Colleague: 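Below is one structure. I have some questions about it.
Here is the naming used below: chain letters follow the sequence lines, and residue numbers restart at 1 for every chain. Note that this is a predicted model, so its numbers are computed, not measured.
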Number of protein chains: 2
Amino acid sequence: MRNPTLHDVARAAGVSYSTADRVLNRRGGVAEKSVLRVQHAIDELGYQRDIHAANLSRRRSYVFRFYLPQGDHSFFTVLRQVVEAQAAQRLAERMQIQIHDVPPLDADALAAELSRIEAGDCDCVGIIGSDSGALTAAVERLQAMRIPVVTLVSDAAVEARMLYVGIDNVAAGRTAGRLLRLAHGRGPGRVLPILGALASRDHRDRLKGAHEVLTEPGRHLHLLPPIEVQDRSDILRQKLAAMLAADPQITGIYSIGAGNRALIAMLRDMPTPRPFVVLHELTAHTRAALEADLIDAVIDQNPDVEITLALQAMKAIADELPATPPEVNPTIYLRDNLPR
Amino acid sequence: MRNPTLHDVARAAGVSYSTADRVLNRRGGVAEKSVLRVQHAIDELGYQRDIHAANLSRRRSYVFRFYLPQGDHSFFTVLRQVVEAQAAQRLAERMQIQIHDVPPLDADALAAELSRIEAGDCDCVGIIGSDSGALTAAVERLQAMRIPVVTLVSDAAVEARMLYVGIDNVAAGRTAGRLLRLAHGRGPGRVLPILGALASRDHRDRLKGAHEVLTEPGRHLHLLPPIEVQDRSDILRQKLAAMLAADPQITGIYSIGAGNRALIAMLRDMPTPRPFVVLHELTAHTRAALEADLIDAVIDQNPDVEITLALQAMKAIADELPATPPEVNPTIYLRDNLPR
DNA sequence: AGATTGCTGATTGACGTCTGTCATTCCGAT
DNA sequence: ATCGGAATGACAGACGTCAATCAGCAATCT
């Protein structure tokens, strides 16, 4: 009744334990026909190697390393907390989770850090993806060293990584658009998108998604050209004030990137009825704003689920099991389904 | 640099391995001062027992058993699929996940099944909670046998279980109410709730939540008395048709329980503009309806996340680690953030 | 013939923990 | 001083796998 061991496999295949081991661990030096017999016995018995026993024997523990932007960017603070919490929990499962700081929004600095990794330093690394030649090269170097790379939050050039764990940003944008559309009922409206930079792929994707939904025919909704604020609150304050003064008809605001603190502060002083506001990432600030009715919806990428799934995937990759691409959905938070 | 072993602890405490083991596994027969020295060494070194090695040695594998309603109820079909998928995956982690069939909506039958469990049959059971004297007694019997019980989807009487893994149904109802409110803009409206039975706690909670949000002052929204359909499509068809004929002003429908197939079929034949529709649980049918624009929003309890977290919690309980009550949030699905 | 090569089997000692046995030490009570 | 029991130590054999070594055997080459 209990699971078969490699001994059972060897016996079933009519070879010695040594040979079964040589086949299982691809040590070579085994005749073709023996390989086949062992493989046949393996699927015959449904043998699954006991990973824990193997790890014990190898004295292996998984080392996963995350490169996270430092600084007081609220979302990354949340992300970091989630990783740290998991690090503490997973220690008992032989997972060592390291966090390395990198400057925010700086693909070259990240690339430089990655190129400092040596073979054996870790079993898998997780980074925030972005499109950058230097980064692509650094990731390719890691792949050559057989260190897999998982991208989080925002994807990187597709050829150069193992797995993307994160939301579909076009879908997230469409979702924001749908909420804005829903809130306008059948009436007209003008929606202003605010983003960090059009160069950032996730921001571009979200804008694209919102555009798709808002400009479907049969609606009287207008999506204004986005204002770019480089994640800086002073620029946001200035540009948004100018826009609102120039266009008093704005009925909706879609904040695509960071810098929500400044936006929320401005909303507090706005006359009612204020525009319908959708923004991204649940943080202490956006949560408070939602509770205070300063904004209407938050679209979150569920960092905790994201990290949990990323670690599962990393372990699967390290164990050379088939890693099913995990799915993270953009979550809509209204005042009433806030966590905790 | 590597994690300390029990040998290290024993050495640090100045006792033999045997004594350290006796303390760790509460075998008794150890002098008070030795217990203290060992415990001190344990936290001094931050010792964590290697669970995998321990399980290996004990030849232990976790047996978790779920009691799930059989029948073609769409949501439970999804739930069952999720459990089966996890069962296959977790096998490699020494988790045996069993599924036992029980008749749907029958707390007494479930209680009877539970009372058939004997000590040692499994390490933890998961059930769909409900309020029933027989069920409470059966769960208490299991507790006495030191078999923890986790409730899913809907909670049971609080004293008689270890952990509830599932959404807050009041919050789910509030969320539905918020969506309906949002879709009405500032205009008036009449919302019709449809539910299986008021006796069912999750249904009651959801209705309560929706009521809270829809009847807040300053709105011109009216929540009609719910129609009860006992999860049966013929009753739904009949009662809903009667309601719609009697009250042509209905602008919103909140379907709280099961029986959505019949509702969706009726919506297909409804003249536009149809009411704004919110319902629960993402299944093949509700998904198709969302894509076909027959309904507007689905509130889902994320069975996959729920089961993943339930298993994590079950394992933590079995390992006698502190089990943090996991959090599952009701998720809002619009057309644009559907998974996969 | 002897040497080389390729494949196979047998064996061993880890890894960290559990469980059991047996012998020893210590301490308090007699 | 003796005895009993409690506390402790020492040790061994598992659990399933890894990793390494050594020996044996047949087929092939020189």
Side-chain angles (χ1 to χ4, degrees), chain A residues 1-39 41-42 45-62 91-96 123 318-321, chain B residues 1-39 41-42 45-62 91-96 123 318-321:
Chain A
M1 199 57 208
R2 83 178 195 298
N3 288 347
T5 73
L6 194 50
H7 272 110
D8 300 327
V9 171
R11 202 174 318 121
V15 299
S16 71
Y17 181 89
S18 312
T19 301
D21 172 68
R22 285 191 262 255
V23 174
L24 187 66
N25 293 305
R26 298 190 188 78
R27 298 186 207 277
V30 180
E32 186 65 16
K33 59 164 192 159
S34 302
V35 173
L36 289 176
R37 294 175 67 183
V38 171
Q39 273 165 354
I42 284 178
L45 298 179
Y47 169 74
Q48 292 224 162
R49 153 215 256 118
D50 184 327
I51 294 179
H52 301 315
N55 288 343
L56 178 62
S57 169
R58 283 187 191 156
R59 233 177 295 173
R60 174 190 222 276
S61 69
Y62 305 88
L91 205 64
E93 303 175 39
R94 310 184 144 251
M95 279 199 206
Q96 290 180 40
D123 297 282
D319 288 339
E320 299 188 352
L321 293 175
Chain B
M1 199 54 209
R2 85 179 193 298
N3 289 346
T5 73
L6 193 51
H7 274 111
D8 300 327
V9 171
R11 201 174 318 120
V15 301
S16 70
Y17 181 90
S18 310
T19 301
D21 172 71
R22 284 190 261 256
V23 173
L24 187 65
N25 294 304
R26 297 189 189 81
R27 297 186 207 279
V30 180
E32 187 63 17
K33 61 166 191 152
S34 302
V35 174
L36 290 176
R37 292 175 69 183
V38 171
Q39 274 165 353
I42 284 179
L45 298 179
Y47 169 75
Q48 294 228 154
R49 160 216 247 110
D50 183 327
I51 292 181
H52 301 314
N55 288 343
L56 179 61
S57 168
R58 286 185 175 144
R59 234 182 275 157
R60 173 193 222 277
S61 69
Y62 304 89
L91 206 63
E93 300 174 43
R94 308 182 147 253
M95 279 199 206
Q96 290 181 41
D123 297 283
D319 288 339
E320 300 189 351
L321 294 174

Colleague: For Asn55(A), answer base if it contacts any base atom (sugar-phosphate contacts may also be present), sugar-phosphate if it contacts only those atoms, and nothing otherwise; contact means non-hydrogen atoms under 4.0 Å.
Modeller: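 Here Asn55(A) touches no strand at all.
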Colleague: Would you give the length of the straight line joining atom CG of Leu56(A) to atom CG of Asn55(B), rounded to the nearest 0.5 angstrom?
Modeller: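 Between atom CG of Leu56(A) and atom CG of Asn55(B) there are 11.5 Å.
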Colleague: Got a donor-acceptor contact below 3.5 angstrom from the Arg22(B) side chain to the Arg27(B) backbone?
Modeller: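 Pair absent, no side-chain N/O of Arg22(B) close to backbone of Arg27(B).
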Colleague: For dT8(D), does OP1 or OP2 lie under 4.0 Å from any side-chain N or O of Ser16(B)?
Modeller: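 Checking dT8(D) against Ser16(B), no side-chain N or O comes under 4.0 Å of OP1 or OP2.
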Colleague: Mind checking Arg27(B) for me? I need base, sugar-phosphate or nothing, with any heavy atom below 4.0 Å counting as a touch.
Modeller: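 The residue Arg27(B) makes base contact.
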Colleague: What is the nucleic acid contact for Leu24(A), judged by heavy atoms within less than 4.0 Å: base, sugar-phosphate only, or nothing?
Modeller: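 Touches sugar-phosphate only.
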Colleague: Quickly work out the Leu6(B) CG to dG9(D) P distance and round it to whole Å.
Modeller: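 Rounded to whole Å, this separation is 13 Å.
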Colleague: Specify the separation, in whole Å, of atom NE2 of His52(A) and atom P of dG16(D).
Modeller: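 The distance from NE2 of His52(A) to P of dG16(D) comes to 14 Å, rounded to the nearest Å.
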Colleague: Counting just side-chain N and O atoms, does Tyr17(A) come under 4.0 Å of either OP1 or OP2 of dA19(D)?
Modeller: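 Indeed not, no polar side-chain atom of Tyr17(A) lies that close.
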Colleague: Name the residue from Asn3(A), Asn25(A), Asp319(A) that meets the side chain to side chain donor-acceptor pair (under 3.5 Å) definition with Arg49(A).
Modeller: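 Only one option passes, and that is Asn25(A).
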Colleague: Can you tell me the distance, in whole Å, between the CG atom of Asn3(A) and the C1' atom of dC15(D)?
Modeller: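 Interatomic distance, CG of Asn3(A) to C1' of dC15(D): 13 Å.
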Colleague: Map Leu56(A) and Ser34(B) onto DNA chain D by nearest heavy atom, then report which one ends up closer to the 5' terminus.
Modeller: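 Nearer the 5' end of the strand: Ser34(B).
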Colleague: Give me the atom names and distance for the closest heavy-atom approach of Leu6(A) to Tyr47(A).
Modeller: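 Closest heavy-atom pair between Leu6(A) and Tyr47(A): N-CE1, 3.5 Å.
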Colleague: Take atom CZ of Arg60(B) and atom P of dG16(D), then tell me their distance rounded to the nearest Å.
Modeller: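 About 16 Å, once rounded to whole Å.
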Colleague: Starting at CD1 of Ile51(A) and ending at P of dT17(D), how long is that distance when rounded to a whole Å?
Modeller: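 One finds 11 Å between P of dT17(D) and CD1 of Ile51(A), rounded.
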Colleague: If every non-hydrogen atom of Thr19(A) is compared with every non-hydrogen atom of Val30(A), which pair is closest and at what distance?
Modeller: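 Nearest pair, atom of Thr19(A) first, then Val30(A): CG2-CG1, 3.9 Å.
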Colleague: Please report the closest heavy-atom contact between Ile42(B) and Leu24(B), naming both atoms and the distance.
Modeller: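 Scanning both residues, the minimum pair turns out to be CD1-CD1, 4.2 Å.
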Colleague: NA contact type, Arg22(B), heavy-atom cut-off 4.0 Å: base, sugar-phosphate, or nothing?
Modeller: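 Base contact.
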Colleague: Among dT8(D), dC18(D), dC11(D), which nucleotide has an atom closest to any side-chain atom of Ser18(B)?
Modeller: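 Shortest atom-to-atom distance from the side chain points to dC11(D).
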Colleague: Round to a whole Å and report the spacing from NZ of Lys33(A) to P of dA26(D).
Modeller: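 Computing the Lys33(A):NZ to dA26(D):P distance gives 13 Å.
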Colleague: Heavy atoms only, 4.0 Å cut-off, all strands: where does Thr5(B) land among base, sugar-phosphate and nothing?
Modeller: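 Sugar-phosphate: the residue Thr5(B), judged by heavy atoms under 4.0 Å, touches backbone atoms but no base.
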Colleague: Between Gly28(B) and Arg94(B), just flag the one whose closest nucleotide in DNA chain D comes earlier from the 5' side.
Modeller: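 Between the two, 5'-proximity favours Gly28(B).
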Colleague: Kindly give the heavy-atom pair with the smallest separation between Arg94(A) and Arg59(A), and that separation in Å.
Modeller: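 Residues Arg94(A) and Arg59(A), closest heavy atoms: NH1-C, 4.3 Å.
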Colleague: Using chain A heavy atoms and a threshold of under 4.0 Å, write down where along DNA chain C the contacts begin and end, 5' to 3'.
Modeller: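 Contact span on the strand: dC7(C) to dG16(C).
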Colleague: Check this one for me: any side-chain N or O of Arg49(A) less than 4.0 Å away from OP1 or OP2 of dC18(D)?
Modeller: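 Result: yes.
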